[in-house]
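Everything on this sheet refers to the single structure shown next.
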Amino acid sequence: MRSFKLRIFMLVTLAGIIPCIVLGEIILDGYESRAVSVRTANVRNQCTILANHLINNGYLQDPSIATVSAELEQLSNLYDGRVLIMNSDYRIIKDTYGISEGKYMISEEVVKTFLKESISRYDEKNRFIEVTTPLSFNDEILGVMLTSVSTEEIHETITILRKRATIIIVIAIIVVLVCSFLATRSLVRPLVGLSNAINDYQEGYDHPEISVNDYFETEQITKAFNDMLGRMRSLDDSRQAFVSNVSHELKTPIASVKVLADSLLGQEDVPVEMYREFMEDIAHEIDRENDIINDLLSLVRMDKKDAKLSCEQCDIEELVASIIRRLKPLAERDNVEIVFEAVRSVEAQVDATKLSLAVTNLIENGIKYNTAGGKVTVTLDAEPADFTLVVADTGVGIPAEDIDNIFERFYRVDKSHSKEIEGNGLGLAIARNAIIMHKGAIKVESTPGEGSTFTVKIPRG
Ligand code: ADP
C-alpha cells in the first residue's frame, strides 16, 4: 500500500526541484548561444572593415605592407585567434601564426566564399568560431580572409555560471525538501488525527462524536463518520432492546411453568383434578413459549438480507377465506362477527405462507382487540397493478401516541391492559416485514373506542 504522506512529499519535492534544474539548464544554454552569436557578429564586422582596408591598400598584391599586417595581428590577438589571407590561387599569403604562408588552402568554406557566400561556423567541441570574409573589388572576389577566434572565454564564463547555478540549485533543493516536509506534515496531520479518532472507536460506540475540522474535506468525512456512527449506535440500541425483550418474553412462560410445577411439588396428596388443572396451565404456557419462538423465527427469517420469497400464482380470495375459516372459532369464542367482502376476485404472485402470516395477524388482532358483539370486516379489492386488503374492526382502537410504534417488535399498547389479551407484540412486526418483502405497504387508521382499520396494498406481479 502506497503512503499518502510519501506520495505528497515526493510530488511537492519533484514539483519544486525539477523546474529549478530545467530552468538552470535553459538559462545556461541560452547564455552560450547568445554569447556565441554576439561574438560571431563582432568578428564579422571587424573582418568586413579589415577586408576593405586590405583591398584599398592592395595587400593581396603586396602582403608586406606593415600597417595592414599589424592590423591583422591585432585582430588575431584581440580574439585570441588566427587570421589567414588567401589570394585567388588559394595560396595563403598571410598567416598570423606565421606557419602556413605559401601553402594552399582549398577547404569547403574557402571555396564557398569564393562563390560569394560568407560562412560562419561554431565548433563547440574545439571551442572556436570560424568566419570567412570575401575580399572583393568591383564585385570580383580576389581573395578570402579566414578568421578563427577562440570561445574559451565564453566557456570559462559558463563554467563559473554553472558552478553558481549548482550552488543555487542545491540550496533550492534543500529549501524545497524542508518546505515539502513541512507542507506534507501539515497536510497529513488532520488525516492522522482522523485515523486515530476512528481507531479509538474500535472499543465501542459510547465515545462522543469525533471532530477533525481542519479542512472542509476532513469535516465532511467526520460528518459522514458521525452520521454512520449514529446509525450504528441506534442499531446497537435496538439490538440490545430486542435481546432484552426476547429474554424477557421467553422467561415469562418458563417462570409461570416453574411456579405451577413448584406449587404442585410443594403440596402433598394433590387431587388429580388439581394436577390436571395445573398441567393444562403448564401446557398453555408451553404453547405460549412455542408461539414466541415461532414468531421470532419467522421474523429472523424475513430479516435476513438474502431472505427470498417463494412466489407462486395464488387466488387471494381463497387464501383470505381459508384464514377466516381458521379464525372463526376464535371469533365465536369472543362473540365477534367476521364479514368477508371480495369486491373482485384476485390472482397474484405471492409467497402464500408469508402473506398468510401477515393476514392472520391482522384479522386475529381485529378479533382480539375487539369487544363482545363487535365486528371485523375484511374487504378485498383489486386494481390493475395491485390488490388491496382492508381489515376494519369495531374494537378498542389505538391511541394516537402509540400508532407509530405498534409495528415495532414487542411493542404492546398499554401493557397492563394487554395482559388480559394474549400476545407478544411481534404480530404486526411480522405482518409488516412480510408485506414489505412483497414490495407492498401497510397503513393504519384508528379511533380509540371506535375501532381500527389496517389497509394493505401489494403489487400483483
Ligand atoms: P400482539 O401480540 O400484542 O397482538 P401485535 O404486534 O400484533 O402484537 O400488536 C401490537 C400492539 O398493537 C398490540 O399489543 C395492540 O396493543 C395494538 N394493536 C394491534 N392491532 C390492534 C387492533 N386491531 N386494535 C387495537 N389495537 C391493536
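Index from 1, following the sequence. Just so you know, ligand 1 is whichever comes first in the structure, and atom 1 is the first atom listed for that ligand.
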Number the atoms of ligand 1 from 1 as they appear, then name those within less than 4.0 Å of a heavy atom of [X], with their elements.
X      : result
Gly425 : 1 (P), 2 (O), 3 (O), 6 (O), 8 (O)
Leu426 : 6 (O), 8 (O)
Tyr411 : 10 (C), 11 (C)
Ile398 : 25 (C), 26 (N), 27 (C)

Just checking, is any N or O donor in the side chain of [X] or [Y] under 3.5 Å from an acceptor N or O on the other one?
X      : Y      : result
Tyr411 : Asp402 : yes
Asp123 : Asn126 : yes
Glu422 : His284 : yes
Tyr122 : Glu32  : yes

Does [X] reach ligand 1 with a nitrogen or oxygen that is under 3.5 Å from one of the ligand's nitrogen or oxygen atoms?
X      : value
Phe454 : no
Gly423 : no
Val413 : yes
Gly427 : yes

Item to check | Close approach of Lys368 to ligand 1, heavy atoms, under 4.0 angstrom | outcome: yes

Checklist entry - Does ligand 1 have an atom under 4.0 Å from some heavy atom of Gly395? => result no

Checklist entry - Is the closest basic N to carboxylate O distance between Asp236 and Arg233 below 4.0 Å? => result no

Item to check | Salt-bridge contact Glu25-Arg162 (side-chain N to carboxylate O under 4.0 Å) | outcome: yes

Checklist outcome for this item: Ranking Asp393, Asn361, Ile406 by closest non-hydrogen atom to atom 12 (O) of ligand 1, top hit is Ile406

Next on the checklist: Minimum distance, heavy atoms only, to atom 18 (N) of ligand 1: which one of Phe410, Phe407, Tyr369 is it?
Outcome noted: Tyr369

Next on the checklist: Can you see whether Phe242 has Arg409 sitting over its ring - NZ or CZ less than 6.0 Å from the centre and within 45° of the normal?
Outcome noted: yes

Next on the checklist: Tell me whether the rings of Phe9 and Phe181 are parallel (<30°), tilted (30 to 60°) or perpendicular (>60°).
Outcome noted: perpendicular

